[in-house]
Amino acid sequence: MSSRSLRKVLIANRGEIALRVIRACRVSGLGAVAVYSDADRTAPHVPAADEAYRLGPAPAAESYLSIGAIIDAARASGADAVHPGYGFLAENPALAQACADAGLVFVGPPAAALARCGDKVETRRAARAAGVPVLPGTDPLDDGALARAAERIGFPVLLKAAAGGGGKGIHLVRTAAELPAALRLARGEAGGAFGDDRVYLEKWLDHARHVEIQILADTKGALVHLGERECSIQRRHQKVIEEAPSTALDQAMRDAMGRAGVAAARAVGYVNAGTVEFIVSGREFYFLEINARLQVEHPVTEMVTGLDLARLQLAIAGGAPLRFGQCDVVRRGHAIEARISAEDPEAGFVPWVGRVEHAVLPGGPGVRIDGALVPGMEVTRFYDPILAKVITWGETRDDAIARLSQAMRETVITGLPTTVPFLRWALAHPVFRAGTYTTRFVETEWTDGARTVPDGALEAAAVLAHLVDRQVPPPVARDGGPWAEAARRESLS
């Protein structure tokens, strides 16, 4: 897997994905350049790189979203490639084009493919033309036409922004009476987030699964898929737990969905790593969109295939061909990822800002941590609240769940609320254990009467005692939090 035509890569991102790409650069023999905003001057990704350049003030619009600042940093560092990570400008064709204009390699699809993938309506058309099943829906229309289309399609329907992603501009509409307000919200969010207030409709399937196919395409025309990831545990249309393989698919569906993912990617001229997303209802599946970047949940695919997706991205960008075909892709065992974010699950997963006091992350066989979480770090309002990802692998799904459940019991993060209590609860839930959950799992199961988090007092007490032995003040537990009982016991000992 040679990347000899590249020498130095600027990572136009921050946090755990910046560290992930820096590691890929290291094992590929490439120099790594970090960038940072004023809020991230001391962030872990900055010293991890060979060199680092300031982009601007804390607001993303003045730093990580500034194409001019990123190109200037790449030129100043002597980098010959830019890796966008995910989020920020990762799917923005303007960055890819600016790189091309500056003689830099963009580690991702070409600008034209990014533009096609960024317009969800265009990708729906391309997928349909390629014979990929697509949900009933519309093109972007005015409000009156959308109202008439919704009546024709039948409620419930999903309003979706034509541009962008990340769960923004998406609203479930169950009745005609809800549609006008939902349209105002969706258009406002889409216009504010993406500068494009076009929205369209798709038929909503109430008890569906969200399953995606990882694809890889080189510049020579080779295109393969690496199997599926199950992403149905979501809040606000954003993923919280992902796993591979999916319990929703048998081998025939898995093969058919893989072929459909390859067909959809080929239809838009895709190059590099990407993800084709589908909705699954029973034994039927339907195309949703193409995410033209490395996904947050890519580690579960790496764990079951043994492939380094970030390193493959760099190799493809450097002109190397894929050195394996579809028949060479072998998946083994089961992997699950849990996203730890600075959010309060008890308050509707509202994002939280503040300082991390203590951070103790798990370990052990089959446990991987992707994160940029350190004690004392500030979580600000400027960026996504994800703190770390814990990924486990096992020979079976039960083994992977057992390892991840134990890992969550060992995890202690204090100073602000996190999703750890929810993750411990979800992993123990019988519906999750049975593998029969849908995208409505959080909505239907995470209710006031069902929020009993499995006991983890022994593990928590051991960690807190370790902190006290090091003369670190024990954290203050929030009432009802998973460490409340452990902290109480520690204070009495």
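- Ion pairing between a basic and an acidic side chain is recognised when a charged N comes within 4.0 Å of a carboxylate O; Asp328 and Arg323 show no such pairing.
- Just one of Val379, Val296, Ile340, Asp370 meets the side-chain contact (heavy atoms from CB on, under 4.5 Å) condition when paired with Ile386; it is Val296.
- Between Glu343 and Val240, the closest side-chain pair of non-hydrogen atoms is not below 4.5 Å.
- A salt bridge links Glu212 with Arg229: at least one charged nitrogen is closer than 4.0 Å to a carboxylate oxygen.
- The backbone N or O of Ala264 sits nowhere less than 3.5 Å from a side-chain atom of Tyr270 that would complete a donor-acceptor pair.
- Evaluation of the ring pair (Phe, Tyr, Trp, His ring centres under 6.0 Å) rule for Phe285 yields Phe278 as partners, not counting sequence neighbours.
- Considering every non-hydrogen atom in both Ala90 and Gly85, the closest pair reads CB-O, 3.4 Å.
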Inset, instruction - Would you check, one step at a time, whether the test salt bridge (Lys or Arg N to Asp or Glu O under 4.0 Å) holds for Asp218 with Lys220? - result: CA-CA 5 Å; Asp218 66 20; Lys220 320 297 182 184; over 6 Å; no

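- Of the inter-residue distances, the one linking Leu404 atom CG with Asp399 atom CG reads 12.5 Å to the nearest 0.5 angstrom.
- Closest heavy-atom contact between Val268 and Ala113: O-CB, 3.7 Å.
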Inset, instruction - Determine, stepwise, if the pair Arg283 / Asp250 fulfils side-chain contact (heavy atoms from CB on, under 4.5 Å). - result: CA-CA 9 Å; Arg283 292 192 55 78; Asp250 59 21; 2.5 Å; yes

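- Gln295 contributes no side-chain N or O that, together with a main-chain N or O of Gly274, makes up a donor-acceptor pair within less than 3.5 Å.
- Of the candidates Glu230, Glu337, Glu277, Lys239 forms a salt bridge (Lys or Arg N to Asp or Glu O under 4.0 Å) with just one, namely Glu277.
- The minimum heavy-atom distance between Ala102 and Ile71, with the atom names listed, is CB-CG2, 4.0 Å.
- Trp446 places a side-chain N or O within 3.5 Å of a backbone atom of Pro345 that can act as its donor or acceptor partner.
- Counting only heavy atoms from C-beta outward, the side chains of Pro133 and Glu284 never approach each other to under 4.5 Å.
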Inset, instruction - Go through the steps for Arg209 and Glu228 under the test salt bridge (Lys or Arg N to Asp or Glu O under 4.0 Å), then give the verdict. - result: CA-CA 12 Å; Arg209 306 281 286 261; Glu228 84 279 4; over 6 Å; no

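- For Glu395 and Arg332, the salt-bridge test passes: some basic side-chain N is under 4.0 Å from an acidic carboxylate O.
- The closest side-chain heavy-atom distance from His298 to Gln313 is not below 4.5 Å.
- Contact annotation: the side chain of Thr138 approaches that of Tyr200 to within less than 4.5 Å [non-hydrogen atoms, C-beta and beyond].
- Here the options are Leu135, Val134, Thr123, Val276, the test is side-chain contact (heavy atoms from CB on, under 4.5 Å), and the partner is Leu288; only Leu135 passes.
- Here the two rings, on Tyr437 and His429, have centers that are 6.0 Å apart or farther.
- Val280 has its side chain within reach of Met253: a pair of non-hydrogen atoms, C-beta onward, lies under 4.5 Å apart.
- Using a 4.0 Å cut-off between charged nitrogen and carboxylate oxygen, Glu122 and Arg125 count as a salt-bridge pair.
- Side-chain atoms of Ser63 come within 3.5 Å of backbone atoms of Pro59 as a donor-acceptor pair (strictly under, hydrogens ignored).
- Because its NZ or CZ atom is not both nearer than 6.0 Å to the ring centre of Phe106 and within 45° of the ring axis, Arg293 does not count as a cation-pi partner of that residue.
- Under a 3.5 Å cut-off, the side chain of Thr392 and the backbone N or O of Ala400 do form a donor-acceptor pair.
- Within the 3.5 Å criterion, the main-chain N or O of Leu30 finds no donor-acceptor partner in the side chain of Ser28.
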Inset, instruction - Would you please test Val199 and His171 for side-chain contact (heavy atoms from CB on, under 4.5 Å) and show each step? - result: CA-CA 10 Å; Val199 295; His171 290 273; over 6 Å; no

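- Atom CG of Leu416 is separated from atom CG of Leu387 by 6.5 Å, given to the nearest 0.5 angstrom.
- Under the 4.5 Å side-chain criterion, counting only non-hydrogen atoms from C-beta, Lys389 is not in contact with Arg368.
- Between the CD atom of Glu242 and the CD1 atom of Ile391 there is a distance of 9.0 Å, given to the nearest 0.5 Å.
- Not counting sequence neighbours, the partners of Glu202 by the salt bridge (charged side-chain N to carboxylate O under 4.0 Å, His left out) test are Arg124, Lys160.
- Here the CG-CD1 distance, from Leu95 to Ile67, works out to 5.5 Å after rounding to the nearest 0.5 Å.
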Inset, instruction - Applying side-chain contact (heavy atoms from CB on, under 4.5 Å), run through Asp40 and His45 and close with a yes or a no. - result: CA-CA 9 Å; Asp40 282 340; His45 74 280; 4.1 Å; yes

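- Nearest heavy-atom pair across Ala147 and Leu179 is CA-CD2, 3.5 Å.
- To the nearest 0.5 Å, atom CD1 of residue Ile215 and atom OG1 of residue Thr275 are 7.0 Å apart.
- Of the possible donor and acceptor atoms, one in the side chain of Thr419 sits under 3.5 Å from a partner among the backbone N and O of Ser341.
- Under a cut-off of 6.0 angstrom, the local environment of CZ in Arg381 is sparse, with at most 12 non-hydrogen atoms contributed by other residues, nucleotides or ligands.
- With rounding to the nearest 0.5 angstrom, the CD1 atom of Ile17 is 5.0 Å from the CG atom of Leu294.
- Residues Arg403 and Ile336 form no side-chain contact, since every pair of their non-hydrogen atoms from C-beta on lies 4.5 Å or further apart.
- Electrostatic pairing of Asp384 and Arg14 does not count as a salt bridge here, judged by no charged N lying under 4.0 Å from a carboxylate O.
- A donor-acceptor pair is defined here as one N or O able to donate and one able to accept, closer than 3.5 Å; no such pair exists between the side chain of Arg331 and the backbone of Thr301.
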Inset, instruction - Run the numbers on Asn13 and Val21 for side-chain contact (heavy atoms from CB on, under 4.5 Å), then give the verdict. - result: CA-CA 9 Å; Asn13 218 296; Val21 178; over 6 Å; no

Inset, instruction - For the pair Arg174 and Asp206, evaluate salt bridge (Lys or Arg N to Asp or Glu O under 4.0 Å) and give the outcome as yes or no after the intermediate values. - result: CA-CA 10 Å; Arg174 294 196 173 276; Asp206 239 341; 3.1 Å; yes

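- Leu65 is not listed as a side-chain neighbour of Asn92, based on a closest heavy-atom distance of 4.5 Å or more.
- Annotation for Pro140 and Arg198: closest pair CG-NH1, 3.7 Å, computed over non-hydrogen atoms.
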